[in-house]
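Some notes on the structure that comes next.
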Amino acid sequence: MAETVLSLRDIHKSFGGQEVLRGIDLDVTEGEVVCLLGPSGSGKSTLLRTINHLEPPDGGAVFLRDELIGYREANGKLVELTDRVLARQRAKFGMVFQGFNLFPHLSALENVVEAPVLVKREDPEQARARARELLASVGLADRADAYPRHLSGGQQQRVAIARALAMSPAVLLFDEPTSALDPELVGEVLEVMRRLAARGMTMLVVTHEIGFAKDVADRVVFLDGGVVVEQGTAAEVLANPRRRRTREFLTHVR
Amino acid sequence: MSTETPLAPPRPSRPADTRKRVKAPLHPGWWIGSAIVGLTLLNIGNVVVRSPNLDWSVVGEYFLSTDVLLGLLRTVELTAIAMALGIAGGMLLAVMQLSPVPVVSWAAKSYVWFVRGTPLLVHILFWYNLAALVPAVAIEIPFGPTLFEANTNDLITPLLAAVIALSLNEAAYMAEVVRGGLLSVDPGQREAAKALGMTHRQTLRRVVVPQALRVVIPPTGNQVISMLKASALVSVTSTPELLYSVQVIYNNNFKTIPLLVVASAWYLVVTSLLYVVQHYLERRYSRGDRRG
Ligand SMILES: Nc1ncnc2c1ncn2[C@@H]1O[C@H](COP(=O)(O)OP(=O)(O)OP(=O)(O)O)[C@@H](O)[C@H]1O
Ligand SMILES: [Mg+2]
């Protein structure tokens, strides 16, 4: 069996007394594509954000391979890491947001070059060459010098994917990457994600695109009320859901 | 009547020459208004040019005189120093206001509330008369030797009092400007930067500040222009800036109006230059906004 890359152990998270994540366990193996489904408010985004410690979990632990994320152990307690060490850990995850979040004051190329040069201290010339390759790989070789404002939503999201890939992440986290797109632009982004999956990228994808999950996901995880209700291969969960909540959700999305 | 209405209007059989066109005539109100404005301007012009009290030769005589130029230099210095300190203080206050520590944000908000709620002229008089409140200043180690001791009046010269009053006042206004700039940056920008592995400082320097600058530059430019004019207020404490310099001259020769014209002309020259700089900076920092 393939090596486990990402492990979540009993993750809990509350916001002002409301428990949003109520003990989540999840393992993702090398090269696996896991699609996370669930109704609005079920805690999908929160779960994704606890993985790279954008949101510190209240309980439980996240491991990237054997590395504990966000904390170090001292005298049997977990002590939150300093900003600098946290930043170094976050660089190992790539994250793609629903709203793209490209840097508007930088061109597409500069968006991709920024983190490798600033965070990884890569040589600027090499980073630029690599960024051009990445932009070409998402079909945007000719838009390298455009500012985000002048790109379509689909193009912006593809730049955002290239930007995440430039850090050579161990895992790519997607939070509804196509939800903000006009319907005719969804396909081009999903196509890029399909190719990443085929190249063996480890991906955790929050999405409402059932078709994508069916075609690409090695495993589908259904989340509701802050717990994993059901999981299995796409065929199992999507075609023959065992739980009533999953069935209800699927009839709504389709 | 006919039962069918044609969908397209009938074409004129002989189209007019489409290159010749005449604008719609102006409403008569515009002509009357223009006449009133014109007459008023003529009258003002008549007073300005012909009045014996506005002696243009005096204006010319003093415009480049040493005392006036020294005053102008002092005004520009005061503006530059007070703005620099005010911007630094404003950034500090803005960060304090956004701090998660309640005491810190409360202190900064109270400061801004107090300063913005009281007249600048009062601040200037207060700092000028500080000796009445604190006669002497000393730095000493408790129960130990005195390292430094001075009379407040020797320490706080009129110029220093002016700098302190203008800077502290400006800091409160700049705090609002900077805070607005920082808040204008979408929280998703910080998230994206953090997710890429940037530290807090890198996020601020490379992502937040460049975007906040675009929002901050236009009002900061306006603050500089306001400061240049507000610095004239420190003439009340005999600080030899531009206005005080011409006051000294007209108190001797009674050419009040021509010398006020001299001062105004210089203020106009400098503010106009500042507008040009502001315009240039705005264009430079709107990168990604217009070009593509
Ligand atoms: N920073 C926050 N402060 C307070 N409450 C929050 C915060 N973030 C999320 N929540 C709450 O936690 C719950 C789960 O939110 P989350 O965004 O994780 O859901 P989601 O599954 O991603 O939903 P959606 O499909 O709408 O994106 C919601 O009730 C939300 O209001
Ligand atoms: Mg969400």
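Only this structure's heavy atoms are used, side chains among them; waters, hydrogens and symmetry mates stay out. A note on names: the letters A, B, ... follow the listed sequences, proteins ahead of strands, and every chain is numbered from 1.
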Do any side-chain atoms of residues 272-279 of chain B form donor-acceptor pairs under 3.5 angstrom with protein atoms, and if so which ones, sequence neighbours left out?
{"from": "B:Ser272", "atom 1": "OG", "to": "B:Leu268", "atom 2": "O", "distance (Å)": "2.6"}
{"from": "B:Gln278", "atom 1": "NE2", "to": "B:Pro218", "atom 2": "O", "distance (Å)": "2.8"}
{"from": "B:Gln278", "atom 1": "NE2", "to": "B:Asn222", "atom 2": "OD1", "distance (Å)": "3.3"}

**Report entry** side-chain hydrogen bond (donor to acceptor under 3.5 Å, both in side chains) contacts touching residues 86-101 of chain A (sequence neighbours left out)
**Finding:** A:Glu67-A:Gln89, A:Glu67-A:Lys92
Report task. With rounding to the nearest 0.5 Å, note down the distance linking NE2 in A:His105 to CG in B:Leu213. Result -> 10.0 Å
Query - chain B contacts, top residue of A:Leu118, A:Leu151, A:Val96, A:Leu102 (heavy-atom pairs, under 4.5 Å) - result: A:Leu118
Query - Contacting moiety of A:Arg163, where chain B heavy atoms sit under 4.5 Å - result: both
Report summary line: Turns out that what part of A:Phe97 lies under 4.5 Å from chain B's heavy atoms comes down to side chain
**Report entry** cation_pi(B:Arg116, B:Tyr111) dist<6.0 Å, angle<=45
**Finding:** no
Report task. Would you give the length of the straight line joining atom OG1 of A:Thr50 to atom CG of A:Leu8, rounded to the nearest 0.5 angstrom? Result -> 6.5 Å
Query raised in the report: Of all of B:Met198, B:Glu191, B:His200, B:Arg201, which one pairs up most often with chain A through heavy atoms under 4.5 Å apart?
Result: B:Glu191
Requested in this report: Let me see the working for A:Arg130 and A:Ser168 under side-chain contact (heavy atoms from CB on, under 4.5 Å), right down to the final yes or no.
Outcome: CA-CA 11 Å; A:Arg130 173 95 198 292; A:Ser168 313; 3.9 Å; yes
**Report entry** Interchain contact, A:Leu173 with chain B, by part (heavy-atom threshold 4.5 Å)
**Finding:** neither
Query raised in the report: So which part of B:Arg190 gets closer than 4.5 Å to some heavy atom of chain A, the side chain, the backbone, both or neither?
Result: neither
Report summary line: Looking only at A:Met95, A:His53, A:Arg49, most heavy-atom pairs under 4.5 Å shared with chain B are made by A:Arg49
